[in-house]
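These numbers come from a predicted model, not from an experiment.
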Protein chains: 2
Amino acid sequence: MADTGLAEVHVKCSSCPIRHRAVCSRCEQDELDVLDRIKYYRDFTPGQTIVWAGDEMDFVASVVTGIATLSHTMEDGRRQMVGLLLPSDFLGRPGRETAPYDVVATSKITLCCFRKGPFEELLRSTPSINQRLLEMTLDELDAAREWMLILGRKTAREKIASLLAIIGRRDASLNMSTADGRLVFDLPLTREAMADYLGLTLETVSRQISALKRDGVIQIEGNRHVTVPDFQRLIEETGDDTDGGLIA
Amino acid sequence: MADTGLAEVHVKCSSCPIRHRAVCSRCEQDELDVLDRIKYYRDFTPGQTIVWAGDEMDFVASVVTGIATLSHTMEDGRRQMVGLLLPSDFLGRPGRETAPYDVVATSKITLCCFRKGPFEELLRSTPSINQRLLEMTLDELDAAREWMLILGRKTAREKIASLLAIIGRRDASLNMSTADGRLVFDLPLTREAMADYLGLTLETVSRQISALKRDGVIQIEGNRHVTVPDFQRLIEETGDDTDGGLIA
DNA sequence: GATCATCCTTGATCGAAATCAAACCGAGGA
DNA sequence: TCCTCGGTTTGATTTCGATCAAGGATGATC
């Protein structure tokens, strides 16, 4: 078992509450042993609902690869996305029985799951995981509050620019990007999902993206592939304080 | 010192990460001793800014009495409230140097503060506090996501009804309320603050409150004092799933 | 009790985004 | 090749809430 499992898990230690052997050299061996016994993997296909709001949820999980969304749906069909899960993000809440939102895969996705009971046991016995989880939750809270500003006070154009900046920034730290302020990435969301994220209609999303393209803020090939020639310019369009280096 | 401090702190143990002697019979004595040494109280007057966004913040705190708000402000003055601190709520983030939002007292308020260094030390040595803090942060995250739905997808009328329901519900568990579905409470916020909370203008807030009054959903005396004759009716106006018993 | 400053309400008008409607595009599949 | 279908774009029109603009209530201070 020693080092052969290295390729098995692709989660970075710095952003996962669970210390996977593959990437974390500081892991205590016994902790890993416990985790190995209770963890299992699940795959989902694009569009598949992972958990329905209100359903019992007997596991927590960490995203290994792929993207999922959390969203509220009102009875009349209005939908608001309230979270975006990228690789290394954590899903589920220790000490809660039922899921408060729908969780939907927007791409092929692999989750590393832990049964809730054993995981909570582990939480109790391993303060470091608790601490890690607290940090991650605080980060999520900050992100949520950032979104509240976007949802409550920004114009449609600013909303789109903000979303592009966030996705671009997040991708930049992990994926491709060229130096010199140029940035290239693929949108992980449909126009409709973007609309659900931003509290807009998909028509408005489309129009604003066209407008940003027309104004030279971005370039797009084939619906998803985005090039940002000048990231600073994009940041200016968000309405935020002009602080934004590529990687915050 | 033994029991004479009982009236000193009014925070309920069930919702405070710190176990105050006054209300918590399960406190371990030594933990209290440490806390007693590092805690201190600060009072603020209505309208006073407790922390400016970007300022260094060398303490964390728990609200003892009064109300404060967290808000983002954009350069052009647009403002979005992102949090409402009521008694027993926690303020500040362990492991962060500067405040990300303005914190403003909306009433006379008393904070129970802890210097950050010693508090973080305590966090490291006392897992139970970590755990408590995690729970509270997860609750806040849920609340933030609830707000995202309100901000992104609800109409002005639904927003107002939602805010009234939230304040009413929160008050109901602590303060006055009559059984039989009738509910009476005082708004802790000005129209402008409500607008900042809901992503509206104060004029729209005023108009929608008038409309709810005209339609008999609420009654109001003197700007602040609200009576909800039928809480269920108010819930229906929020657009949410019609689950809402008085106390969730 | 008059003055003043906040906070609140109401009216008229405007505008950004929603809604309604149609067409476009690329990828499979028959 | 043509057809279908999901995702997308674009246009015309409507609507809800913002904005602009007066006034009215309430409470503190002198």
Side-chain angles (χ1 to χ4, degrees), chain A residues 45-48 69 74 76-80 104 106-107 150-163 186-215 218-226 237 239, chain B residues 45-48 74 76-80 104-108 150-164 186-215 218-226 237 239:
Chain A
T45 56
Q48 199 178 356
T69 63
M74 297 170 69
D76 60 6
R78 281 177 282 174
R79 200 149 14 106
Q80 176 64 50
V104 181
T106 61
S107 72
I150 291 172
L151 289 170
R153 294 301 187 193
K154 291 194 179 180
T155 64
R157 172 182 262 245
E158 289 170 339
K159 284 179 176 183
I160 297 291
S162 299
L163 180 57
D186 283 315
L187 285 174
L189 301 172
T190 65
R191 300 291 185 268
E192 189 181 22
M194 294 175 71
D196 284 343
Y197 210 141
L198 298 170
L200 298 171
T201 60
L202 70 92
E203 292 96 327
T204 297
V205 170
S206 179
R207 270 185 253 272
Q208 295 301 332
I209 287 180
S210 297
L212 289 174
K213 189 166 59 179
R214 173 166 33 73
D215 299 345
I218 58 173
Q219 289 145 25
I220 299 203
E221 297 177 71
N223 286 346
R224 296 293 189 96
H225 192 71
V226 178
E237 293 285 349
Chain B
T45 55
Q48 199 176 358
M74 297 170 70
D76 60 5
R78 282 177 281 175
R79 198 150 14 110
Q80 177 63 50
V104 180
T106 61
S107 72
K108 202 168 160 315
I150 291 173
L151 288 170
R153 293 302 188 192
K154 291 194 178 181
T155 65
R157 172 183 263 242
E158 288 170 339
K159 284 180 176 182
I160 296 291
S162 298
L163 180 56
L164 292 174
D186 282 315
L187 285 174
L189 302 173
T190 65
R191 300 290 185 268
E192 188 180 24
M194 293 174 71
D196 284 341
Y197 210 139
L198 298 170
L200 297 171
T201 58
L202 69 91
E203 293 96 326
T204 298
V205 169
S206 180
R207 271 187 253 273
Q208 294 301 332
I209 287 180
S210 297
L212 288 174
K213 190 165 60 178
R214 172 165 35 72
D215 298 345
I218 57 172
Q219 290 143 25
I220 298 202
E221 297 176 70
N223 287 344
R224 296 294 189 98
H225 192 71
V226 177
E237 293 285 351

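- A sub-4.0 Å separation between OP1 or OP2 of C/dC8 and a side-chain N or O of B/Arg224 is present.
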Practice task
Going 5' to 3' through nucleotides 15-30 of chain D, assign each nucleotide B (protein heavy atom under 4.0 Å from a base atom), S (under 4.0 Å only from sugar-phosphate atoms) or - (no protein heavy atom that close).
Solution key: --SSBB----------
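- Partners of A/Leu151 according to the side-chain contact (heavy atoms from CB on, under 4.5 Å) rule, which considers only residues two or more places apart in sequence or in another chain, are A/Gln80, B/Met148, B/Leu151.
- Residues passing the side-chain hydrogen bond (donor to acceptor under 3.5 Å, both in side chains) test with A/Arg191: none are found, sequence neighbours excluded.
- Between the CG atom of A/Leu189 and the C1' atom of D/dG7 there is a distance of 14 Å, given to the nearest Å.
- Taking atom CG of B/Leu202 as the reference point, atom P of C/dC8 lies 8 Å away to the nearest angstrom.
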Exercise for the section: Let me see the working for A/Asp215 and A/Glu237 under side chain to side chain contact (heavy atoms under 4.5 Å, CB included), right down to the final yes or no. Expected result: CA-CA 11 Å; A/Asp215 299 345; A/Glu237 293 285 349; 5.8 Å; no
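- The separation between A/Arg214 atom CZ and D/dT10 atom C1' is 12 Å, rounded to whole Å.
- Checked against side-chain contact (heavy atoms from CB on, under 4.5 Å), A/Ser107 has the following partners two or more places apart in sequence or in another chain: A/Ile67.
- Rounded to whole angstrom, the span from the CG atom of A/Leu198 across to the P atom of C/dA18 amounts to 10 Å.
- Closest non-hydrogen pair, A/Lys159 versus A/Gly199, comes out as NZ-O, 3.8 Å.
- Checked against side-chain hydrogen bond (donor to acceptor under 3.5 Å, both in side chains), B/Asn223 has no partners two or more places apart in sequence or in another chain.
- Taking atom CG of A/Leu212 as the reference point, atom P of D/dT10 lies 13 Å away to the nearest angstrom.
- Here B/Thr190 does not reach the OP1 or OP2 of C/dT6: none of its side-chain N or O atoms lies under 4.0 Å away.
- Computed from coordinates, the A/Glu192 CD to C/dT19 P distance equals 13 Å when rounded to whole Å.
- Residue A/Met194 contributes atom CE, which lies 14 Å from atom C1' of D/dT9 at whole-angstrom precision.
- Remark: A/Glu192 engages no residue in a side-chain hydrogen bond (donor to acceptor under 3.5 Å, both in side chains) (not counting sequence neighbours).
- Take B/Gln219 and apply the side-chain contact (heavy atoms from CB on, under 4.5 Å) test, not counting sequence neighbours, and it matches B/Arg182, B/Thr227, B/Pro229.
- Here D/dT9 presents its P atom at 10 Å from CD1 of A/Ile160, a figure rounded to the nearest Å.
- Using five terminal pairs a side, the axes of the helix from C/dG1-D/dC30 to C/dA30-D/dT1 at its two ends make an angle of 30°, given in steps of 10 degrees.
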Scan the side chains in residues 200-207 of chain A for donor-acceptor partners under 3.5 Å anywhere in the protein, sequence neighbours excluded, and list what turns up.
residue	atom	partner	partner atom	Å
A/Thr201	OG1	A/Thr204	N	3.3
A/Thr201	OG1	A/Thr204	OG1	3.1

